[in-house]
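A quick note: this is a predicted structure, and the numbers were derived from the prediction, not measured.
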Amino acid sequence: LWASIHIVTTCNSRAGINPLHLIDTFQRWLERSRTVPLTVSIHEGASSMWHTHVTEFYKLLCSQSHRWRRIHLHLDNSLHYMSHFLRLTGSDVPLLESFTLRRGYDSPYRQWVENLDLASLSFLSDAPRLWSLSLHNTSHRLSSGDENDFFPFHRLRELKLFLNVGTQPD
């Protein structure tokens with residue numbers, strides 16, 4: 001019952017939704033889900049209200065990384081907050097099976113994301129159960145360049161790379 005949550009962060013005061021309420025609701029959901037492995041989907045939309053509290057939200061999410069089963073992140077504007085994910089190790093995500101990172105096409109942090117390689121997401125390389133990886137609208141190096149590939153391809157059953165190499169289609 002409490003294993004999955006989908007969050008859309010287009011908070012605005014006119015709709016009566018604010019980021020503090022969203023964070024509080026997420027906290028209560030985490031408490032109610034207890035020890036159940038988690039599937040979390042976040043579609044982050046543009047909202048200046050959201051960005052003033054986004055660090056608190058991702059800190060809360062990463063504090064539960066030991067329970068992650070599937071993570072889907074569609075991050076339009078705050079990819080620089082990925083630093084919370086960059087601190088994780090493979091032992092922090094023992095249940096992680098699937099990880100998706102989708103960058104909004106016109107993200108203002110596009111240059112940062114295009115320079116992001118899998119070494120920056122090193123927790124994925126050591127996630128013992130990871131079998132599905134999906135990276136959208138980003139550029140990535142998939143190996144370290146030496147004889148030892150950085151990423152453990154032998155564990156993956158599904159690898160999806162959607163690389164943005166031109167203009168956005170109409």
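- Without hydrogens or angle criteria, Asp126 side chain to Phe123 main chain gives no donor-acceptor distance under 3.5 Å.
- With sequence neighbours left out, the side chain to side chain contact (heavy atoms under 4.5 Å, CB included) criterion links Gln64 to Leu30, Leu38, His66, Arg67.
- Checked by atom type and distance alone, the side chain of Arg155 pairs as donor or acceptor with a backbone atom of Ala127 at under 3.5 Å.
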Legend entry - Worked check of side chain to side chain donor-acceptor pair (under 3.5 Å) between His6 and Ser41: CA-CA 5 Å; His6 176 70; Ser41 172; 2.7 Å; yes
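- In this view, Leu95 and Pro37, Arg129 satisfy the side chain to side chain contact (heavy atoms under 4.5 Å, CB included) rule, not counting sequence neighbours.
- Linking Ile, Leu, Val, Met, Phe, Trp and Tyr whenever their side-chain heavy atoms come within less than 4.5 Å leaves Ile71 and Val36 in two separate clusters.
- Leu130 and Leu161 end up in the same hydrophobic cluster when Ile, Leu, Val, Met, Phe, Trp and Tyr side chains are linked at under 4.5 Å.
- Criterion: ILVMFWY side-chain heavy atoms under 4.5 Å apart, direct or through other members. Under it, Phe26 and Leu20 are not part of a common hydrophobic cluster.
- In terms of heavy-atom proximity, Pro94 sits nearest to Pro128 at O-CG, 3.7 Å.
- Partners of Arg28 under the salt bridge (charged side-chain N to carboxylate O under 4.0 Å, His left out) rule, at least two apart in sequence or in another chain, are Asp24.
- For the atom pair OG of Ser98 and CZ of Arg157, the computed distance is 10.5 Å after rounding to the nearest 0.5 Å.
- Between the side chain of Ser65 and the backbone N or O of Asp92, at least one donor-acceptor pair lies under 3.5 Å.
- Side-chain atoms of Trp68 never come within 3.5 Å of backbone atoms of Cys62 as a donor-acceptor pair (strictly under, hydrogens ignored).
- At a threshold of 4.5 Å between side-chain heavy atoms, the hydrophobic network of Ile, Leu, Val, Met, Phe, Trp and Tyr places Leu101 and Leu156 in one connected group.
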